[in-house]
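Structure first, commentary second.
When reading the values below, keep in mind they use all heavy atoms of this one structure, side chains included, and skip hydrogens, waters and symmetry mates. Predicted, not measured: the structure shown is a model, and the values here were computed from it.
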Amino acid sequence: MPPPLIRLENVACSFYVRHNRLAMRRVDALADISLSLGRGEILGLVGHNGAGKSTLLQVLAGLLAPSRGKLTKAPGITVSLLNLGLGLSPELTGRENIVLGALYQGISKKQAQARLDKIIDFAELGPWADAPLKTYSTGMRLRLGFAIAMEITPDILLVDEVLGAGDAYFQKKSSSTLTEKMRAGQTCVLVSHSPGAFAYCTRLIWLHKGLIRMEGEPATVEAAYAAWTAERKPGTVEGE
């Protein structure tokens, strides 16, 4: 069996948030996470808000350093977090933001410029490509961010709550494009609350209070999570 692209061993991630004017409070977003991801795998993450899903993606992307534990990547592996607003500046034009966003994701300026027309066409910007981002509607910004992200082909693509963004047309288009990537063998880690989002996952992990509560075949894990969710009392917070 080939070595995994990325491996986490007993990873914890903590940070401090302001509790009041005089004190800070420690938040343990991840407590003890061990997992590995092989080439071509599609890993899904479920769990209520605050369970640690987005934090885990940021650790995998290298945007957050573990407070404890070990993260190992295979040599030369690229990891990209699909975030629709990542690296975009409201003062720059759509065209300028495409170059900026691509650079942020590790693509050279020359490569970004070669893909400009394709990205503008996919995002359906038309004449707005040369207008400042701050003049865009929310839908236009979503389309631009997604178009930039889909032009990046990393070894591992991390997707955080993207499929439920935008209008129905955009959701269908983004879902179809991402599905094509996964069918083509794109290694992926997917976070979503959208029904059917995990149809192509090879494995599903249920996160709870920064720990892996269950891991395995997607349908089994999703059913267990749905049953647990249905039993929770309205108004309870994560971990209760």
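With hydrogens and angles left out, the side-chain atoms of Gln111 and Ser108 include a donor and acceptor closer than 3.5 Å.
Using a 4.5 Å cut-off on side-chain heavy atoms (C-beta onward), Pro218 and Cys201 make contact. For the pair Arg213/Trp228, a side-chain contact is recorded, criterion being any heavy-atom separation below 4.5 Å from C-beta on. Looking at heavy atoms from C-beta onward, Val159 lies in side-chain contact with Cys188 at the 4.5 angstrom threshold. Contact check for Val191 versus Val46: no side-chain heavy atoms found under the 4.5 Å cut-off. A 4.5 Å side-chain heavy-atom check between Ser89 and Asn97 finds at least one atom pair inside the cut-off. In this structure the side chain of Thr72 never reaches within 4.5 angstrom of the side chain of Ile6, judged on heavy atoms. Residues Leu158 and Val79 have side chains in contact (heavy-atom distance under 4.5 Å, counting atoms from C-beta outward).
Taken from CG in Leu144 to CG in Leu133, the straight-line distance is 6.5 Å, to the nearest 0.5 Å. Expressed to the nearest 0.5 Å, how far CG of Leu30 lies from CG of Leu207 amounts to 7.5 Å. Between Leu43 atom CG and Thr187 atom OG1 the span is 11.0 Å, to the nearest 0.5 Å. Between the CG atom of Leu60 and the CG atom of Leu8 there is a distance of 5.5 Å, given to the nearest 0.5 Å. Annotation: the span from Ser14 atom OG to Leu64 atom CG amounts to 11.0 Å, rounded to 0.5 Å. Remark: Gln186 CD to Leu178 CG distance equals 8.5 Å, nearest 0.5 Å.
Under a 4.5 Å side-chain heavy-atom criterion applied to ILVMFWY residues, the cluster that includes Leu211 comprises that residue alone.
In this structure Ala224 satisfies the side-chain contact (heavy atoms from CB on, under 4.5 Å) test together with Trp206, Met214, sequence neighbours excluded. Considering only residues two or more places apart in sequence or on other chains, Thr93 meets the side-chain hydrogen bond (donor to acceptor under 3.5 Å, both in side chains) condition with Glu96. Lys118 pairs by the salt bridge (Lys or Arg N to Asp or Glu O under 4.0 Å) definition with Glu151, not counting sequence neighbours. For Lys134, the side-chain hydrogen bond (donor to acceptor under 3.5 Å, both in side chains) test picks out Glu91, with sequence neighbours left out. With sequence neighbours left out, Gln113 forms a side-chain contact (heavy atoms from CB on, under 4.5 Å) with Val99, Lys109, Leu116. Partners of Ala131 by side-chain contact (heavy atoms from CB on, under 4.5 Å), not counting sequence neighbours, listed by chain and number: Trp128, Thr135, Tyr136. Shown here are the side-chain contact (heavy atoms from CB on, under 4.5 Å) partners of Tyr200, two or more places apart in sequence or in another chain: Ile42, Thr179, Met182, Arg183. Looking at residues two or more places apart in sequence or on another chain, you find no side-chain hydrogen bond (donor to acceptor under 3.5 Å, both in side chains) involving Ser36. Not counting sequence neighbours, Asp121 has no partner by the salt bridge (Lys or Arg N to Asp or Glu O under 4.0 Å) test. Residues forming a salt bridge (Lys or Arg N to Asp or Glu O under 4.0 Å) with Arg7 (at least two apart in sequence, or on another chain): none.
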Leu157 vs Leu81, test: side-chain contact (heavy atoms from CB on, under 4.5 Å). Steps then yes/no. CA-CA 6 Å; Leu157 178 64; Leu81 175 60; over 6 Å; no

Could you go through Leu5 and Lys73, starting from their C-alpha distance and side-chain angles, then the distance that decides it, and tell me whether this counts as side-chain contact (heavy atoms from CB on, under 4.5 Å)? CA-CA 6 Å; Leu5 297 183; Lys73 295 180 184 178; over 6 Å; no

Do Arg95 and Ile120 pass the side-chain contact (heavy atoms from CB on, under 4.5 Å) test, and can you show the C-alpha distance, the side-chain angles, and the key distance before you say yes or no? CA-CA 8 Å; Arg95 193 180 303 273; Ile120 291 171; 3.6 Å; yes

Derivation of the ring pair (Phe, Tyr, Trp, His ring centres under 6.0 Å) call for His48 and Tyr225: CA-CA 10 Å; His48 274 225; Tyr225 175 66; 5.7 Å; yes

Could you give me the CA-CA distance, side-chain angles and deciding distance for Leu37 and Ile156, then say whether side-chain contact (heavy atoms from CB on, under 4.5 Å) is met? CA-CA 9 Å; Leu37 189 68; Ile156 302 174; 3.9 Å; yes

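With Glu217 contributing its side chain and Ala219 its backbone, the two residues share a donor-acceptor pair below 3.5 Å.
Taking both residues in full, the closest heavy atoms of Ala65 and Cys13 are given as O-SG, 4.1 Å, listed atom of the first, atom of the second, then distance. Minimum heavy-atom separation, Leu45 to Phe198: O-CZ, 3.7 Å.
Each salt bridge (Lys or Arg N to Asp or Glu O under 4.0 Å) pair with one or both residues in residues 27-56, not counting sequence neighbours, appears once here: Arg26-Asp28, Arg39-Asp155, Glu41-Arg203.
There is a path of hydrophobic side-chain contacts, each under 4.5 Å, that joins Leu35 to Leu63.
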